[in-house]
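Letters A, B, ... mirror the listed sequences (proteins, then strands); counts begin at 1.
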Amino acid sequence: MNYWVRVSLQITFLWIIYELGNLFIGLTNIPIPGNVLGMVLLFVLLFTGIIPIAWVEEAADLLLKHLAFFFIPIAVGLMEWVGLFRTSGVQLLVVIVLGAAVCILVTGLVAQILASKRSAKGGI
Amino acid sequence: MNLLIVLFTIAITIAAYAFSRFLSKRFPHPLVNVVFLSTALIIIVLLISGISFEQYQPGLNLMTFLLGPATAALAIPLYRNREVLIKNFIPIVAGIVVGASANMITTVLTAKLLGLSKVTVVSLAPKSVTVPIAVSISKILNGDPSLTSVFVIATGILGTVLTPVLLNLFKVTNPLARGIAYGTTAHGQGTATALLEGPIQGSMSGVAMGLAAIYTSFVAPLLVRILIG
């Protein structure tokens, strides 16, 4: 089968999984994004061996390689928010740097303490 | 002609992306960011040619059509790293849960304290999560997707620069812990940098990025409601 035919079929399959996630959210009204549920569903299907990775691999690699392209148009909406960055640019920078710094340290330290405990017992 | 405008907006988006991708490969640096460069180029062209964001919207809808399946595809790197994930389940999950929660609490409270508007505060909440999922979380929180996407990219750039500095300063030397910190804080951009540090850092970052996105999407609505009422 031609590469592009396979990729198109695989994208269709990924799209069905994504829509199943949305469908479930629509039926249950849980406040979780449908795409996250689609991702979890695909992981479970792969992990349990219900579908082989070859069914989605080529399309997944192609889409992930160009993932940035799909959200650039969303970022263009920034042109409607120029005023906010003019009036609150410094505050936004403070929030982003502080949040990131806390996240880096807390995540790194917690993971390191737990990982070294395990490796002392012969883990990793 | 509406169709012409749609075709034009799609063409400039693809051209800006291709050009920025070329530049970022040629000059690899966190500040030479594909999304920031492309977005700036596109906005400049739109302003010069007098096209409003409203007129850009139909092209946007066409171009983001594949974002849903692409997000589901994020399960693939997670699946490929399943063995590392199972082996180090506790440090990975604990690091992400504590770190991502601390991040959201700090972010929301600081933003509120600095007097930012409610839309801005909730749009900031998922800023450490990969864009497609952060944007969906933002919609659930009644935030603005465009604002969130920009905050996410800014976090990716600043996080990528800050992570090695802070980790070295606080003597986090374990490659596993370093990778988890990269992925939980700076999503895909952090993962790209973690990969340059080493293969363990890279795969841990990839796993952390996926799991942090899932965790944040479950917890953010509840946490934001508690924090801003």
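Only the side chain of B/S149 has a heavy atom closer than 4.5 Å to any heavy atom of chain A. At a 4.5 Å heavy-atom cutoff, the contact between A/I72 and chain B is made by backbone and side-chain atoms alike. Contact of A/V44 with chain B is not made at all, since no heavy-atom distance falls under 4.5 Å. Only the side chain of A/W81 comes within contact range of chain B, with heavy atoms under 4.5 Å apart. Residue B/L116 touches chain A through its side chain alone, counting heavy-atom pairs closer than 4.5 Å. For a residue to count as touching a neighbouring chain, one of its non-hydrogen atoms must lie under 4.5 Å from one of that chain's; by this rule B/L46 touches chain A with the side chain only. Neither the backbone nor the side chain of B/L141 comes within less than 4.5 Å of any heavy atom of chain A. Interface remark: A/V102 contributes side-chain atoms only to the contact with chain B (heavy atom separation under 4.5 Å). In this structure, the portion of B/L124 lying under 4.5 Å from any heavy atom of chain A is its side chain and not its backbone. The contact between A/V76 and chain B is made by backbone and side chain atoms together, counting heavy-atom distances below 4.5 Å. Looking at B/I140, the atoms closer than 4.5 Å to chain A (heavy atoms on both sides) all sit in the side chain, from C-beta outward. Proximity to chain A involves both the backbone and the side chain of B/V35, based on heavy atoms less than 4.5 angstrom apart. With a 4.5 Å cut-off on non-hydrogen atoms, B/Y56 touches chain A through its side chain but not through its backbone. Looking at A/E80, only its side chain comes within 4.5 Å of chain B, counting heavy atoms on both sides. In this structure, chain A has no heavy atom under 4.5 Å from any part of B/I200. The part of B/K171 that comes within reach of chain A is its backbone (N, CA, C, O), which places non-hydrogen atoms under 4.5 angstrom from that chain. Within the 4.5 angstrom heavy-atom criterion, no atom of B/N61 approaches chain A. Contact of B/V119 with chain A is made through the side chain alone, with heavy-atom distances under 4.5 Å. For A/N22, no part lies near chain B; criterion is any non-hydrogen pair under 4.5 Å. Contacts of B/T120 with chain A are made by side-chain atoms alone, with heavy-atom separations under 4.5 Å and no backbone atom involved.
Crowding of B/R82 atom CZ: a count of heavy atoms from other residues, nucleotides or ligands under 6.0 Å exceeding 12. Within a 6.0 Å radius of CZ in A/F24, other residues, nucleotides and ligands contribute 12 heavy atoms or fewer.
A heavy-atom distance below 4.5 Å is found between the side chains of A/L84 and B/L147. In this structure, A/F69 and B/T13 have side chains that are in contact, with non-hydrogen atoms separated by less than 4.5 Å. Two residues are said to be in side-chain contact when any heavy atoms from C-beta on lie closer than 4.5 Å; A/M39 and B/L78 meet this criterion.
Formation of a donor-acceptor pair under 3.5 Å by the A/Q112 side chain with backbone atoms of B/N174 is found in this model. Side-chain N or O atoms of B/S146 include one that pairs as donor or acceptor with a backbone N or O of A/I74 at under 3.5 Å.
The two residues B/P77 and A/L64 have their closest heavy-atom pair at CD-CD1, 3.7 Å. The two residues B/A73 and A/L14 make their nearest non-hydrogen contact at CB-CD1, 4.2 Å. Closest of all the heavy-atom pairs between B/T107 and A/G99 is OG1-CA, 3.7 Å.
Ring geometry for A/F85 against B/F151 counts as tilted: the plane angle lies between 30° and 60°, on a 0 to 90° scale.
With rounding to the nearest 0.5 Å, the separation of CD1 in B/I76 from CG in A/L63 is 10.5 Å. In this structure, CG on B/L167 lies 7.0 Å from CG on A/L105, to the nearest 0.5 angstrom. Here CG of A/L78 is found 11.5 Å from CD1 of B/I42. Values are rounded to the nearest 0.5 Å.
Counting heavy-atom pairs closer than 4.5 Å to chain A, the top residue among B/P69, B/G68, B/P221 is B/P69. Counting heavy-atom pairs under 4.5 Å between each of B/P132, B/S20, B/S52 and chain A puts B/P132 at the top.
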